[in-house]
Amino acid sequence: MDDLKSYAEFVLGVYRALLVDCARHYPECAKEFDRDYKRLSSAIEQHGIRFTLDVMPSFRKHLDKCLREERLIPSHLIHFGCRHGEAIPRLFRGLTLRVFDRSGTLRHDPDTIAVKLLRQLLGAVRKLELSSNHRDTTRSIVGFFREDEEVIDGSLDWRCHDTFCAEDAVELAFGDSQHQVSTDPTEGTPSLVHPEHARLVQQSADLITSLLGVFDPHEWRPKHGPGAVSDQRYGSYKYDFKTWPERLDSVFPYADFAFANYAQVPLIPIDSDLHRSLSVEKPAKLCAVPKTLSKPRLIASEPTSSQWCQQIIKDFFYSRVRDTLLSRFITFDDQEKNGVLALRASIDGSHATIDLSSASDRVSCWHVERLFRRSPSLLRALQSTRTREVTQDICRVSPKLYELKKYSTMGNATTFPVQSLLFLSMALGTLAFVRGRKVNFKLLRELGQWQVRIFGDDIIVPKDCSEAMVGLLRAFNMKVNLDKTCLTGLFRESCGVDAYGGQDVTSVSILSKPSTASPGSIVSSVDIHHNLAEAGLLETAAYIRKTAEPLVRNQVRT
């Protein structure tokens with residue numbers, strides 16, 4: 001990988017071009033933009049590239065919060081200081097004054113183009129993929145395990161299929177008193193759940209389960225996911241299953257799901273070494289892949305046989321949601337409706353957008369038991385494909401082998417649909433509670449597709465339900481990301497769409513520096529070039545093209 005100095009040069013080139021694009025919009029501020037470039041150069045020289053990857057995105061979050069609260073207050077971030085008696089930082093001062101006055105009060109007619117350009121400048125390279133240093137990687141992995149320790153324990157025995165009784169879940173409920181208070185110490189005052197609120201959430205979950213119907217694994221075809229697996233090398237033949245644990249076999253029989261036809265099924269004596277080796281349960285493997293300079297992306301690859309069967313359950317969820325009333329609220333393969341609703345909500349504030357931190361890491365077996373308590377067949381399938389343990393060899397101070405409390409990691413193909421349905425049950429129950437409605441099919445039909453939208457941990461609910469929804473999420477041990485949650489003002493964000501006052505102010509992210517060592521970075525640069533040109537940032541698009549083109553020509557010659 002190129003050293004950070006070459007990255008700093010690339011980033012400075014990006015900002016030189018972006019500021020030229022800004023001057024084209026506001027030629028009267030050209031001198032101010034020249035000063036901004038000098039300030040940026042000085043900041044990068046003093047603090048390195050981390051200033052553009054960490055500090056500037058932090059100010060962008062601060063700016064979004066100030067837009068929601070309609071007042072700009074000091075951020076206390078380096079190089080974002082203000083003149084005496086003013087609230088406007090020196091860096092990007094010209095654009096900021098088009099949105100806020102010198103005292104920090106939001107203008108009556110804030111310039112939405114200036115908002116978009118400000119957010120573009122502050123977040124242009126925030127997603128630049130770089131390998132984190134060992135210290136930052138260690139911090140992330142330690143946080144992963146600390147997060148798991150805070151997860152609510154399940155009520156059933158998820159460790160062994162012999163003692164896991166899915167039918168017992170029918171006696172469980174979201175209203176169980178011991179879990180109606182937030183266990184997250186960072187949330188301050190504990191959130192309490194009204195018994196009627198919890199009851200309506202449970203009714204919503206039961207209604208969702210009834211729409212999903214009975215899960216029969218033989219009605220679906222297994223397949224492999226696109227990701228790596230924990231028990232085979234990359235590029236290995238995935239159809240040669242090295243293990244098939246008894247827990248998996250209890251729902252997905254080896255003879256039925258591991259072979260194309262019964263003629264291929266070997267006769268394996270129960271007391272043979274081969275049977276014993278097949279029955280071994282392999283752990284998932286935690287991996288750190290480049291995301292940002294200060295925080296890697298943690299992914300847990302699943303065992304091959306588990307991944308194979310998880311895809312069956314995933315297809316069941318996707319198909320049943322698509323073919324029922326649930327499609328009014330969730331569209332697993334399309335985020336567009338979430339973005340459209342966020343854009344609409346930024347005009348009149350009719351809806352709130354709620355974002356969660358580490359959502360998949362805080363969904364526990366406790367939640368899943370109550371969500372699908374009326375479907376023993378589905379619960380058994382989820383339990384059988386869930387990987388109980390995770391292994392890692394990256395961080396010395398963290399466990400090498402660890403038994404998970406969470407339901408699953410993002411490496412599990414069922415995690416995304418399960419958490420989406422969990423948050424839908426919470427949103428529907430909250431709406432019914434706030435508005436004094438009954439949870440039934442009539443309610444679902446009346447709500448239509450522009451009242452509640454869920455996509456993973458991206459949640460959109462009507463504004464009158466937003467505070468109750470936030471309280472419920474906290475009470476059920478979720479972390480609400482206040483930096484990206486929009487309850488007031490006219491700023492909204494959901495599923496990659498950032499909206500302010502009815503205008504799309506989404507920025508274009510530059511994900512990689514073009515490099516011959518990484519052909520994918522050149523492909524990415526082509527996409528980024530098109531996105532920048534479409535956004536009207538022609539000088540920046542030209543810079544990306546100028547940087548990537550020589551590398552493309554060199555590859556063609558070789």
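Starting from 1, each residue takes its place in the sequence as its number. All heavy atoms count here, side chains included; hydrogens, waters and symmetry mates do not. Note that the coordinates shown come from a computational prediction; the quantities given were computed from them, not determined experimentally.
For the residue pair Asp206 and Gln202, a side-chain donor N or O sits within less than 3.5 Å of a side-chain acceptor on the partner.
Checked against a 6.0 Å centroid threshold, the rings of Tyr407 and His367 do not count as neighbours. In this structure, Trp308 has its ring center under 6.0 Å from that of Phe241. Ring to ring, Phe332 and Phe455 are not that close: their centroids are 6.0 angstrom or more apart. Between Tyr402 and Phe145, the ring centre distance stays below 6.0 Å.
Val229 places none of its side-chain heavy atoms less than 4.5 Å from the side chain of Glu302.
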Please tabulate, for the side chains in residues 460-472, all donor-acceptor contacts under 3.5 angstrom to protein atoms that are two or more places apart in sequence or on a different chain.
unit_1	atom_1	unit_2	atom_2	d
Asp464	OD1	Arg435	NH2	3.2
Asp464	OD2	Arg435	NE	3.1
Ser466	OG	Lys463	O	2.7

Please set out all donor-acceptor pairs under 3.5 angstrom arising from side-chain atoms of residues 444-451, sequence neighbours excluded.
unit_1	atom_1	unit_2	atom_2	d
Glu446	OE1	Arg437	NH1	3.3
Glu446	OE1	Arg437	NH2	2.7
Gln449	OE1	Lys337	NZ	2.6

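Partners of Arg68 by salt bridge (Lys or Arg N to Asp or Glu O under 4.0 Å), not counting sequence neighbours: none found. In terms of the side chain to side chain contact (heavy atoms under 4.5 Å, CB included) criterion, residue partners of Ser509 (sequence neighbours excluded) are, by chain and number, Arg126, Lys127, Leu511. Under the salt bridge (Lys or Arg N to Asp or Glu O under 4.0 Å) criterion, Asp240 pairs with Lys242, not counting sequence neighbours. Every residue two or more places apart in sequence or in another chain was checked for a side-chain hydrogen bond (donor to acceptor under 3.5 Å, both in side chains) with Ser420, and none qualifies. Partners of Gln203 by side-chain hydrogen bond (donor to acceptor under 3.5 Å, both in side chains), not counting sequence neighbours: none found. Listed by chain and number, the residues in a side-chain hydrogen bond (donor to acceptor under 3.5 Å, both in side chains) with Asp157 are Thr163 (sequence neighbours excluded). Taking the salt bridge (Lys or Arg N to Asp or Glu O under 4.0 Å) definition, one finds that Arg60 meets it with Asp498, sequence neighbours left out. The salt bridge (Lys or Arg N to Asp or Glu O under 4.0 Å) check on Arg453 picks up nothing, with sequence neighbours excluded. For Ala345, the side chain to side chain contact (heavy atoms under 4.5 Å, CB included) criterion is met by Ser350, His351, Arg492, not counting sequence neighbours. Among residues two or more places apart in sequence or in another chain, the side-chain hydrogen bond (donor to acceptor under 3.5 Å, both in side chains) test is passed with Gln503 by none.
Arg146 and Glu149 are not joined by a salt bridge, as no carboxylate oxygen comes within less than 4.0 angstrom of a charged side-chain nitrogen. Ionic pairing of Asp162 and Arg247 is not present here: no N-O contact between side-chain nitrogen and carboxylate oxygen is shorter than 4.0 angstrom.
No donor-acceptor distance shorter than 3.5 angstrom exists from the side chain of Arg344 to the backbone of Val340, with no hydrogens or angles considered. Distance alone, capped at 3.5 Å, is enough to place a donor-acceptor pair between the Thr485 side chain and the Asp355 backbone. A donor-acceptor pair under 3.5 Å is absent between the side-chain atoms of Asn338 and the main chain of Cys495, judged by distance alone.
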Test log, rule side-chain hydrogen bond (donor to acceptor under 3.5 Å, both in side chains), inputs Ser384 and His161:
CA-CA 7 Å; Ser384 71; His161 72 281; over 6 Å; no
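Heavy atoms only, all atoms of each residue included: Trp244 and Phe252 are closest at NE1-O, 2.9 Å.
Between Trp220 and Phe316, the ring planes are perpendicular. Angles over 60° get that label, and only those under 30° would be called parallel.
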